[in-house]
S.K.: 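Here it is: the structure, laid out below.
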Amino acid sequence: MKVLIYAEQQDGQLKKSAFEAVSFAVQTWAPQGVQDFTVVLGGRVSEQDAAGLGNYGATLVLMPDDAVMDAFEPHVHSAVLLDALQKSGANLLVMAHTYAGKSLAPRLAVSWQATLAAAVNHPPEIQPDGTWTVQRTVYSNKGLATYQVSGERRLLSFTPNALKPVLQGSPCPVQPLSTQAGAGASRTHRLEVQKVQGKIPLTEAERVISGGRGLKGPENWHLIEGLADACGAATACSKPVSDMHWRSHDEHVGQTGITIKPDLYIAVGISGAIQHLAGVSSSKTIVAINTDPEAPFFKVADYGVVGDAMEVLPRLTDAIRRSAGS
Ligand SMILES: Cc1cc2nc3c(=O)[nH]c(=O)nc-3n(C[C@H](O)[C@H](O)[C@H](O)COP(=O)(O)OP(=O)(O)OC[C@H]3O[C@@H](n4cnc5c(N)ncnc54)[C@H](O)[C@@H]3O)c2cc1C
């Protein structure tokens with residue numbers, strides 16, 4: 001088995017999913033006797049950072065030799081990846097089920113003629129005959145489906161936060177990756193990006209504080225932001241909150257918003273409608289704060305506080321700040 005791993009970067013920094021992808025591949029296939037774990041970087045990072053992926057088990061990192069992959073463009077990235085797959089003779093590609101992964105995996109499954117196991121929750125169970133058993137959530141997180149995966153070439157994408165990266169290894173060699181296959185493949189041209197500064201990206205956050213209509217209005221959002229600041233968390237919101245423009249749409253989680261899987265999700269003044277839960281119920285620990293003891297969120301929460309957000313949030317924030325000594 002020859003494994004290739006797609007690792008994402010943004011603005012020259014490796015994303016959390018890059019470490020997860022390397023760890024996912026190494027932890028799954030090293031025990032199967034696989035020794036080569038080659039990483040294809042989705043853009044340039046520092047030589048030191050690239051080599052550092054070896055600390056997670058990568059044996060070789062291929063870094064683009066020019067700027068053509070630095071900004072994500074699916075046509076370019078899939079063309080370069082396909083070229084790398086064909087040249088390396090790999091029969092497995094591993095990537096995270098992120099925005100980039102959701103866009104690249106189906107394209108590559110078609111062009112590389114591979115079996116796609118998308119959005120799996122855990123490393124596959126590898127059967128003696130080489131087939132895999134994988135699981136993923138279905139029906140908006142209301143069910144868990146199990147699949148058997150076969151085929152000579154396979155592409156696996158895993159949900160972010162599916163496993164913690166593990167240090168095992170030492171810095172590895174970095175070699176240039178030809179991006180020639182991607183030259184001219186671009187169909188869109190990025191004119192401008194307006195970035196929100198200083199915020200933890202929601203999809204990468206390990207802790208998320210989320211507010212709903214129970215917050216009454218945008219003027220009370222400083223309570224959510226204060227708690228998020230004390231916990232080092234990202235902020236999120238329910239759909240009505242973004243529909244009413246209390247918060248921007250990129251914070252909306254749920255069936256029609258972003259799906260997240262943080263270690264800790266604190267839902268404040270959110271009822272717990274099925275469409276909201278679809279995007280957050282895989283969170284490892286869920287805390288609900290709500291005035292209504294019958295709120296559906298309490299049925300899925302690990303911890304619940306029945307109380308008024310305006311009173312609970314300042315006290316909780318204060319307690320966390322005091323315990324952290326800040
Ligand atoms: C097709 C479809 C897709 C949808 N997609 C999504 C989606 O992706 N994401 C999503 O969020 N919703 C989605 N919805 C909407 C969803 O059904 C709910 O209407 C929505 O989640 C409710 O938002 P909320 O909990 O903020 O508001 P509400 O339902 O109004 O709940 C507010 C909660 O705050 C509590 N509360 C009130 N005052 C306080 C206080 N002072 N302190 C503490 N608690 C208080 C109340 O008891 C209540 O439980 C979708 C709906 C449809 C039909």
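In listed order, ligands and their atoms are each counted from 1.
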S.K.: So Trp29 and Trp132, would you call those rings parallel, tilted or perpendicular, with 30° and 60° as cut-offs?
M.R.: tilted
S.K.: Does ligand 1 have any atom sitting under 4.0 Å from a heavy atom of Gly307?
M.R.: yes
S.K.: At a 4.0 Å threshold, what atoms of ligand 1 neighbour a non-hydrogen atom of Ala309?
M.R.: 40 (C), 41 (N), 42 (N), 43 (C)
S.K.: Tell me the protein heavy atom at minimum distance from atom 45 (C) of ligand 1, and give that distance in Å.
M.R.: Thr291 OG1, 3.3 Å
S.K.: Are there over 12 heavy-atom neighbours, none belonging to Gln35, within less than 6.0 Å of that residue's CD?
M.R.: no
S.K.: What's the spacing between Gln255 CD and His276 NE2 if we round to 0.5 Å?
M.R.: 12.0 Å
S.K.: As a check for students: among His252, Met310, Gln275, Arg213, identify the option with a heavy atom nearest to atom 17 (O) of ligand 1.
M.R.: Gln275
S.K.: Looking at Gly212, which atoms of ligand 1 are within less than 4.0 Å of one of its heavy atoms?
M.R.: 26 (O)
S.K.: Go through Asn220 and Met310 one step at a time and tell me if the side chain to side chain contact (heavy atoms under 4.5 Å, CB included) criterion holds.
M.R.: CA-CA 8 Å; Asn220 293 321; Met310 316 303 162; 3.7 Å; yes
S.K.: Using a strict 4.0 Å threshold on nitrogen-to-oxygen distance, state whether Asp70 and Arg190 make a salt bridge.
M.R.: no
S.K.: Give a yes-or-no answer on whether the side chains of Glu204 and Ser17 include a donor-acceptor pair shorter than 3.5 Å.
M.R.: no
S.K.: Considering only protein heavy atoms, which is closest to atom 12 (N) of ligand 1, and at what distance to one decimal place?
M.R.: Lys239 CB, 3.3 Å
S.K.: Counting heavy atoms only, which of Thr259, Ile270, Asn220, Asn290 comes nearest to atom 49 (O) of ligand 1?
M.R.: Asn290
S.K.: If you count every heavy atom of other residues, nucleotides or ligands that lies below 6.0 Å from Ile274 atom CD1, does the total exceed 12?
M.R.: no
S.K.: Looking only at heavy atoms of Val312, does any of them come nearer than 4.0 Å to an atom of ligand 1?
M.R.: no
S.K.: Which residue and non-hydrogen atom of the protein lie closest to atom 5 (N) of ligand 1, and at what distance in Å?
M.R.: Thr256 OG1, 2.8 Å
S.K.: Using a 4.0 Å heavy-atom threshold (strictly under), name the region of Ser271 that reaches ligand 1: side chain, backbone, both or neither.
M.R.: both
S.K.: Would you mind running through ligand 1 and noting each atom that sits below 4.0 Å from a heavy atom of Val253?
M.R.: 7 (C), 8 (O), 9 (N), 10 (C), 11 (O)
S.K.: Among all protein non-hydrogen atoms, which one is nearest to atom 38 (N) of ligand 1, and what is the separation to 0.1 Å?
M.R.: Lys216 NZ, 2.9 Å
S.K.: To check your reading of the model: name the closest protein heavy atom to atom 34 (O) of ligand 1, its residue, and the distance in Å.
M.R.: Gly269 O, 3.0 Å
S.K.: About how many Å separate CG of Asp229 and OG1 of Thr317, when rounded to the nearest 0.5 Å?
M.R.: 9.0 Å
S.K.: Quick check on contacts: which atoms of ligand 1 are under 4.0 angstrom from a heavy atom of Asp308?
M.R.: 40 (C), 41 (N), 42 (N)
S.K.: Non-hydrogen atoms of Gly257 versus ligand 1: any pair closer than 4.0 Å?
M.R.: yes
S.K.: Do the side-chain N and O atoms of Glu251 and Thr235 include a donor-acceptor pair separated by under 3.5 angstrom?
M.R.: yes
S.K.: Applying side chain to side chain donor-acceptor pair (under 3.5 Å), name anything that partners Ser170, two or more places apart in sequence or on another chain.
M.R.: none
S.K.: In this structure, does ligand 1 have an atom that sits under 4.0 Å from one of the heavy atoms of Val241?
M.R.: no
S.K.: Tell me: protein heavy atom nearest atom 37 (C) of ligand 1, and distance?
M.R.: Gly214 CA, 3.5 Å
S.K.: Around atom CD of Gln180, are there more than 12 heavy atoms of other residues, nucleotides or ligands at under 6.0 Å?
M.R.: no
S.K.: Nearest protein heavy-atom contact for atom 1 (C) of ligand 1: which residue, which atom, what distance?
M.R.: Gln255 NE2, 4.4 Å
S.K.: So which protein heavy atom does atom 22 (C) of ligand 1 come closest to, and at what separation?
M.R.: Pro240 CG, 3.7 Å
S.K.: Taking the cut-offs as 6.0 angstrom to the six-membered ring centre and 45 degrees off its axis, would you call Lys16 and Phe19 a cation-pi pair?
M.R.: no
S.K.: Counting only heavy atoms, which portion of Ala273 has something under 4.0 Å from ligand 1: side chain, backbone, both, or neither?
M.R.: side chain
